[in-house]
**Student:** 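Take a look at the following structure, please.
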Amino acid sequence: MITLDLSGLRETWVSMGWLRPLDGAFAEFLSTQAPDTPEPVLLMAALVSHQLGRGHICLDLEALLSAPEKTLSLPPEDVAAGQMPTQHPNILKTVSLTHLAIQLEASPLVASGPGNTPLVLCSGLLYLRRYWGYTQTVARHIQRRLSHTFPVPNDLVNRLDAIFEPLRDVEEKAKTRVHWQSVAAAIAAKNSFSVISGGPGTGKTTTVVLLLALLEQLSLEKGHKLRIRMAAPTGKAAARLTESLAHTMAALPENMREILPRDVSTLHRLLGSRPNTRHFVHNPHNPLHVDLLVVDEASMVDLEIMAALLNALPEQARLVLLGDKDQLASVEAGAVLGDICQLGDQAHYLPETAAWIQKHTGYNLLDFRGTGAQLDQHITLLRKNHRFGETSGIGALSRAVNGGNPEGVEKIWQMGFEDISRLTANSPDHESFARLILDGHSLSATPNPQSATRNPQSKKGYRPYLDRVRSGPGNGPDDKWLRRVIADFSAFQLLSPVRKGPWGVEGLNEKTADLLFASDLISSRDGWYPGRPVMITQNDYSLGLMNGDTGIVLPVKDDMGRKKSTLRAVFPMADGSLKKVLPSKLNHVETVYAMTVHKSQGSEFQHTALVLPDHMSPVLTRELLYTAITRSRTWFTLVSKHHEILGEAVKRKTYRSSGLGKLLRPET
C-alpha cells in the first residue's frame, strides 16, 4: 500500500488557489459518501475535477505521477516564490502507480465501466462518470457510422468535374495534381460520416456548398428532396457561415441556388436547449428531422455537445464536420476534432480507399497512401490556400507556427512581408500601442514599417467605427447605419491569451476605454455609453443570446417611428437580423475591445492584434498562436514586451487527455 502521507495536500492546494473550491468540495462530498476512502483516492478525485476545469476529459495517472507539474499546470506560473507551499506537486513523483491503481480499484467510488459510481478508471485514465459516458457515446456513434455508406452514381467523376470546374487550375484539370475539394466531396458523398479540415482560405465553405448541390441533385433525381440543416457552435460562427454561404451561392447558377438552404443555426438552437438543464428537446427518443447535417467550426465543439448531437442524429442521416484541426480546442472540456484528426498531415489512405477515389474523381493518391485506421478514410485535408498565397506573411507565419520551429518563425519576421508587423512595447502606456488601438498602425512596428505607413488609413483601429457612431444615422435607414457600425467595429480586434494583468483582457479593456475617452471618441469610461462593445458571457435563453455573442451599445429609434432614440445593445444574429436589447435586460456581459483568443474562434477580422503577456503562461501554445494569427484576413500585428516568449510558445503543443482517440481507432 502507499506509505506516503498525502494528508493536507488537497486542503493546502485549495487554500492557495491552486485548486478550485469546487475541486475540494467534490472530494469532500465523496468522503461523506464513503467515509473510509483513503486520502490518495480523494486527492485523485479533486485532481480529476481540476483537470476537467482545464479542458481535460480525464486524469492520465501515468502522466500525473511522472510529470505532476506539467500534467496539472501547477503551481500557477504567476505565484510568487514566497507563496510556495511545503508540499510541492513533485511529491506525487514518489507515489507508486501500481499501488495507486490498487487503491482506486478497491474503492466503492470507482468502477472500470458501466455502473453508478462517480468515478471510472479505464486503461489508466480516471474519469468523472458523466464524461466517461460522453466519451463512450461519441466513440460508439462515430464507429457505427463508419460502416454505413451510400451508393454513388457511375458518372460521379463527371459530375464532380462539372461542378468544380471553375475552381481548378490547369494541373488540377489535367489530373496531374490532386484537387482536394473534389476528393472531399467524393468521400462525403459516399459516407455517413466525413470530416473536411483545412485552414482559413482553403475553401471549406465552397466545398460544402457544391457538395450539398451535388447531393441534393442526386436525391431529386430519385424523387425526394433532402432535409438539410447547417449549424455552428456559436452565434458568431453561425453568422459568419451565413455570410460565407451567401457569398458562395451568389456565384452558382440560379437553378442550383434555389435548391440549397441558407439558414444556419447554433447547435444549442438546433438541438433545442432546455433552460437550466443539460438536456435537449432532440435526443434518441425525439431525433432531429434531418437527412444531412453540416457542422462548421467543429474544433469548437466540446465533448458534451458532440455526444448530444450524435445521440439526436437519425441513423440514416449524413454528418459532415467542417473545421480546422490545427485550431484551439473547445473552450469546454474535450478536443473532439483533434482526437478525430490525430494523424494530422500524415498520409493515411489505404490502397482500397485510394483506388476508389481515383475511380470516382480521376485523381491518383499514390503519394498520400498510408496505414490509417478506418476512421482516417473518412477525413480530407484541404491543402491549397486560396487566401494566403506566396506573398502572404499571415500564411507563412501561421504555417511556421504550426511547424513548431521557433527559428523558422523568427525568420518570417525578417522576410519583409507587408501584412504582418511586430511591435515591442514595455507597457500598455507605450505611445505606439495607443496609436495601434486608435488607428491600427504604429511607426515603431518592425520588421517592415513601410507596409504600415504606405497607406496608414487602410489599417483601421477603433477610431473609424466610433467616428461613425458619433456621426449618427442621419436621415438614412436606422438599420443600415447600425450594420455599418458593426462592420466597422469588426475591422480591428485586440486579442490576448490571458484575462488577468495589464496585458490580459481585463487590463486591455480598461486601457482601451481610457485611451478612447481621452481622445474624445467615447463619452464615458464605464457604464452604458454609445459605442461600447459587449460580449455575452452566459447563455440567456429568454433573450435568445448565447455565450460569446457580441454586440454594440448604440442609440436606436423606437418602434413607433419617432425621432427619439434610446440606447440598445445591438447584436447581429445568425439569420442576418439585428437583435436590439435594452441594456437593463443584460445580466451577464463584459466590454470587449479586447477578447481572449478562445473567444475569437469562429470570427474573422480585417486586422488582428495579438498582445502577448510579459511572462509565460500555461495557455501559451502553438495552437493558440495559430488561432490568433488566422483570425486575420488582411493584417496581423504581434505586440509583446519580450519577443522570446513567442518562441517559447511555439515549442509548446496543446495536449488534452481524453481517451477518445484510442476508442476511435481500436485497430491501431
Side-chain angles (χ1 to χ4, degrees), residues 230-247 249-250 261-270 273 296-297 460 462 464-493 522 528-593 595 599-600 602-606:
M230 289 180 284
T234 66
K236 285 191 300 182
R240 193 162 71 85
L241 179 57
T242 300
E243 294 173 4
S244 298
L245 289 172
H247 176 75
M249 290 181 184
R262 288 173 172 77
D263 295 334
V264 181
S265 169
T266 63
L267 288 174
H268 281 83
R269 292 190 182 104
L270 175 74
S273 296
D296 194 24
E297 297 289 355
K460 298 178 180 178
Y462 287 136
Y465 100 87
L466 290 170
D467 282 342
R468 192 180 294 277
V469 171
R470 289 195 303 174
S471 67
N475 297 322
D478 216 26
D479 276 13
K480 186 175 182 180
W481 173 72
L482 295 174
R483 293 181 191 279
R484 284 179 174 174
V485 172
I486 292 170
D488 285 348
F489 173 72
S490 67
F492 177 73
Q493 183 64 57
I522 57 176
W528 300 105
Y529 56 84
R532 179 190 174 191
V534 294
M535 175 182 285
I536 301 296
T537 59
Q538 185 173 314
N539 291 347
D540 191 326
Y541 298 100
S542 64
L543 294 176
L545 294 171
M546 298 293 145
N547 187 358
D549 286 348
T550 57
I552 302 177
V553 178
L554 294 167
V556 178
K557 295 175 185 175
D558 63 31
D559 296 332
M560 303 302 294
R562 294 188 292 267
K563 292 184 178 181
K564 182 180 179 182
S565 298
T566 56
L567 283 181
R568 307 269 179 148
V570 182
F571 296 86
M573 305 306 290
D575 61 2
S577 64
L578 297 177
K579 185 179 289 289
K580 306 163 189 175
V581 183
L582 285 170
S584 59
K585 293 185 177 181
L586 297 174
N587 298 315
H588 303 284
V589 294
E590 63 184 18
T591 302
V592 70
Y593 294 115
M595 67 172 69
K599 289 289 188 180
S600 75
S603 301
E604 285 184 348
F605 313 97
Q606 291 298 317

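This is a predicted model, so every value here is computed, not measured.
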**Student:** Would you compute the distance between atom CD of Glu604 and atom OG of Ser244 and round it to the nearest 0.5 angstrom?
**Tutor:**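 Taking CD in Glu604 and OG in Ser244, the distance rounds to 7.0 Å.
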
**Student:** Could you pull out the closest heavy-atom pair between Lys557 and Ser565, with the gap in Å?
**Tutor:**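 That closest heavy-atom pairing would be CG-OG, 3.7 Å.
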
**Student:** Apply side-chain contact (heavy atoms from CB on, under 4.5 Å) to Val570 and Val485, showing your working.
**Tutor:** CA-CA 10 Å; Val570 182; Val485 172; over 6 Å; no

**Student:** Name every donor-acceptor pair, under 3.5 Å, that has one atom in a side chain of residues 546-556 and the other anywhere in the protein, sequence neighbours excluded.
**Tutor:**
unit_1 : atom_1 : unit_2 : atom_2 : d
Asn547 : OD1    : Lys599 : NZ     : 2.6
Asp549 : OD2    : Met546 : N      : 2.8

**Student:** If you measure from CD on Glu243 to CG on Leu245, what distance do you get to the nearest 0.5 Å?
**Tutor:**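 Interatomic distance, Glu243 CD to Leu245 CG, rounded to 0.5 Å: 10.0 Å.
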
**Student:** Closest approach of Ala231 and Leu241, non-hydrogen atoms and distance?
**Tutor:**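 Where Ala231 meets Leu241 most closely, the heavy atoms are O-CD2, 4.5 Å.
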
**Student:** Could I get the full list of side chain to side chain contact (heavy atoms under 4.5 Å, CB included) partners for Thr234, not counting sequence neighbours?
**Tutor:**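 Thr234: side chain to side chain contact (heavy atoms under 4.5 Å, CB included) contacts with Lys236, Ala237, Met300.
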
**Student:** Is there a side-chain contact between Ile486 and Leu578 in this structure, where contact means two heavy atoms from C-beta onward sitting under 4.5 Å apart?
**Tutor:**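 A side-chain contact exists here, since the closest heavy-atom pair is under 4.5 Å.
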
**Student:** Taking the side chain as C-beta and beyond, is there a heavy-atom pair between Leu543 and Phe571 under 4.5 Å?
**Tutor:**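 Not in contact.
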
**Student:** Quick check against the 3.5 Å criterion: does Arg269 have a side-chain atom that pairs as donor or acceptor with the backbone of Gly235?
**Tutor:**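 Checked: no pair found.
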
**Student:** Holding to salt bridge (Lys or Arg N to Asp or Glu O under 4.0 Å), I want the full list of residues that pass it with Arg468, two or more places apart in sequence or in another chain.
**Tutor:**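 Scan of Arg468 (salt bridge (Lys or Arg N to Asp or Glu O under 4.0 Å), adjacent residues dropped) gives Asp488.
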
**Student:** Can you list everything that forms a side chain to side chain contact (heavy atoms under 4.5 Å, CB included) with Asp263? Sequence neighbours excluded, please.
**Tutor:**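 Scan of Asp263 (side chain to side chain contact (heavy atoms under 4.5 Å, CB included), adjacent residues dropped) gives none.
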
**Student:** Flag the pair Asp296 / Val264 as yes when at least one side-chain heavy-atom distance between them is below 4.5 Å, and no otherwise.
**Tutor:**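 A side-chain contact under 4.5 Å is absent here.
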
**Student:** Please examine the side chains of Trp528 and Val589, heavy atoms only from C-beta on, and report whether any two atoms are closer than 4.5 Å.
**Tutor:**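 Yes; the side chains approach each other to less than 4.5 Å.
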
**Student:** Quick check: does any side chain N or O of Tyr465 sit under 3.5 Å from a backbone N or O of Ser490, one acting as donor and the other as acceptor?
**Tutor:**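 Checked: no pair found.
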
**Student:** Can you pull out every side-chain hydrogen bond (donor to acceptor under 3.5 Å, both in side chains) where at least one residue sits in residues 579-588? Sequence neighbours excluded, please.
**Tutor:**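 Residue pairs with at least one partner in residues 579-588: Asp479-Lys580.
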
**Student:** Grab the two heavy atoms, one from Phe489 and one from Pro533, that are nearest each other, plus how far apart they are.
**Tutor:**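 Looks like CZ-CB, 3.5 Å.
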
**Student:** Taking all atoms of both residues into account, what is the closest heavy-atom pair of Pro473 and Trp481, and its distance?
**Tutor:**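 The answer is CA-CG, 3.5 Å.
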
**Student:** Please name all residues satisfying side chain to side chain contact (heavy atoms under 4.5 Å, CB included) with Gln606, sequence neighbours left out, ordered by chain then number.
**Tutor:**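 Side chain to side chain contact (heavy atoms under 4.5 Å, CB included) list for Gln606, sorted by chain: Ala491, Arg633, Thr634.
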
**Student:** Applying side chain to side chain contact (heavy atoms under 4.5 Å, CB included), name anything that partners Ser542, two or more places apart in sequence or on another chain.
**Tutor:**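 By the side chain to side chain contact (heavy atoms under 4.5 Å, CB included) rule, Ser542 matches Asp540.
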
**Student:** Tyr593: which residues meet the ring pair (Phe, Tyr, Trp, His ring centres under 6.0 Å) condition with it, sequence neighbours left out?
**Tutor:**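 Expected list: Tyr462.
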
**Student:** Which residues pass the side chain to side chain donor-acceptor pair (under 3.5 Å) test with Thr591, sequence neighbours left out?
**Tutor:**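 Arg532.
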
**Student:** Under the rule for salt bridge (Lys or Arg N to Asp or Glu O under 4.0 Å), what residues qualify as partners of Glu590, not counting sequence neighbours?
**Tutor:**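 Expected list: Arg499.
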
**Student:** Applying side chain to side chain donor-acceptor pair (under 3.5 Å), name anything that partners Arg470, two or more places apart in sequence or on another chain.
**Tutor:**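 Per chain and number, Arg470 pairs via side chain to side chain donor-acceptor pair (under 3.5 Å) with Asp467.
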
